[in-house]
There are 2 protein chains.
Amino acid sequence: MAKTSKLQDESTAFNYATLDRFVGYHMKRAFNVVQADLQETLKPFDLRMLTYTALVLIADNPDLSQTQLASAMDIERANLVVIVDELESKELIVRDRVPSDRRVYALNITLKGRRLLKKSTAAVVKHEARLFAGLNKNVHGVLVGALSEFHANHHS
Amino acid sequence: MAKTSKLQDESTAFNYATLDRFVGYHMKRAFNVVQADLQETLKPFDLRMLTYTALVLIADNPDLSQTQLASAMDIERANLVVIVDELESKELIVRDRVPSDRRVYALNITLKGRRLLKKSTAAVVKHEARLFAGLNKNVHGVLVGALSEFHANHHS
DNA sequence: TATTGTTATACTCTATAACTATA
DNA sequence: TATAGTTATAGAGTATAACAATA
């Protein structure tokens, strides 16, 4: 834990002593890696993490409203608008009108959207398999379980 | 895995089937929670996650250069400039000149910086303890180990 | 030529308030 | 009045290119 001058002593291991104790720090670093790789993975499909996530949720939950989707994605309704705009302009989804309540849209995936989703999901599955190949099955399970439970416990 | 209309059937559980398989998705959700809580934790000290992290690394690694710090934080040199500017303007750190190489700065924490760091770190420790109180010791260890190893394996 | 710190710039993600149209 | 979607806007975080000073 000696504090040596970095300029005079390049060989000394970097001191992460304080940060290493924090789970949040490790989560950020790890997520940065995943985020960067996922971005590259989705680029050929002209999708980002947010647009891909929205497309998945719309496909899995027919007639979703924008408010419901924003809530599911943990983002503000206002910020979802441009995401839905983008998916709609690419004809990957449609905003269906709901006769019983003319305020809301029922979001639904198109055939074109379903085709893109199939290909992009295959790429994402490969990306996950490649990134987490080093993790053994048990650790993988504990990791997902812990992260999932953590979110469930703390999400308002 | 039935796809029921969300507008007609509000009671049906939301379908996360596709996303639930992805570790990256769980990492993002969990990190969002930590990030939001940490932000609130650091607000009384007028620090953000990035400024706090920089302050910690400067304290633990005397005479750090900006390039070294940017590398340690996984951010670009260009983006670090404003962070160092902010810490310096608050007199929490100093940019020391290095006679042997007049291109670089040797970053060092001030007494004022050290005092703020002590108080803010105590708050961050509490924030971590509170957030992860639900995790048992074993899971906590596996989580940190997995995230840390993952970053080490994939960081270029 | 190469490197350090810097500026400028642009893009993404996020947060808030205020508006419209419907209920 | 309350809610769904929208617009506008501002603040962060991030990525890239180009520059001056120095090596």
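Throughout, a chain's letter reflects where its sequence line sits, starting with A, and its residues are numbered from 1. Please read these numbers as outputs of a predicted model, since none were measured by experiment.
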Quick one: do B:R95 and B:D85 make a salt bridge, cutoff under 4.0 Å?
yes
Any ion pair linking B:E86 and B:R48 (charged N to carboxylate O, less than 4.0 Å)?
yes
Could you tell me how far apart [X] ([atom1]) and [N] ([atom2]) are, to the nearest whole angstrom?
X	N	atom1	atom2	answer
A:E76	D:dA12	CD	C1'	15 Å
B:F31	C:dC13	CZ	C1'	13 Å
A:L50	D:dG13	CG	P	17 Å
A:I75	D:dA4	CD1	P	15 Å
B:Q39	D:dG11	CD	C1'	10 Å
A:L69	D:dG5	CG	P	10 Å
A:N32	C:dC13	CG	P	14 Å

Option from A:K43, A:K126, A:R130 for which salt bridge (Lys or Arg N to Asp or Glu O under 4.0 Å) with A:D37 holds
A:R130
For [X] against [Y], the heavy-atom pair lying closest together:
X	Y	answer
B:A30	A:L147	CB-CD2, 3.7 Å
A:A70	A:L80	N-CD2, 3.6 Å
A:A123	A:T41	O-CG2, 3.6 Å
A:D63	A:A106	OD1-CB, 3.7 Å

If you pin A:D74 and B:Q66 to their nearest nucleotides in DNA chain C, which one's is more 5'?
B:Q66
Test ring pair (Phe, Tyr, Trp, His ring centres under 6.0 Å) on A:H26 and A:F22 and set out the steps.
CA-CA 7 Å; A:H26 294 286; A:F22 302 134; 9.2 Å; no
Do A:N15 and B:N61 have side-chain atoms, one donor and one acceptor, less than 3.5 Å apart?
no
Using heavy atoms and a sub-4.0 Å distance, could you list which residues of residues 78-97 of chain B are near DNA chain D? By number, please.
B:A78, B:N79
Does B:L117 offer a backbone N or O that forms a donor-acceptor pair with the side chain of B:S120 under 3.5 Å?
yes
Tell me which residues in residues 40-48 of chain A put a heavy atom below 4.0 Å from DNA chain C, sorted by number, or none.
A:R48
Should the ring pair A:H140 and A:F132 be called parallel, tilted or perpendicular, given that the plane angle runs from 0 to 90° and is split at 30 and 60?
perpendicular
Not counting sequence neighbours, which residues clear side-chain hydrogen bond (donor to acceptor under 3.5 Å, both in side chains) with A:H155? List them please.
A:D74
Cation-pi, B:Y16 ring and B:R29 (6.0 angstrom, 45 degrees)
yes
Partner residues of B:R103 under the salt bridge (charged side-chain N to carboxylate O under 4.0 Å, His left out) criterion, sequence neighbours left out
B:D101
For every nucleotide of nucleotides 18-23 of chain D, 5' to 3': is a protein heavy atom under 4.0 Å from its base (B), only from its sugar-phosphate (S), or from neither (-)?
----BS
Under 4.0 Å: is that the gap between some side-chain N or O of A:K28 and OP1 or OP2 of D:dG13?
no
Counting only side-chain N and O atoms of B:T67, is one of them less than 4.0 Å from OP1 or OP2 of C:dG5?
yes
State, to the nearest 10°, the angle formed by the axis through the first five base pairs of the helix from C:dT1-D:dA23 to C:dA23-D:dT1 and the axis through its last five.
10°
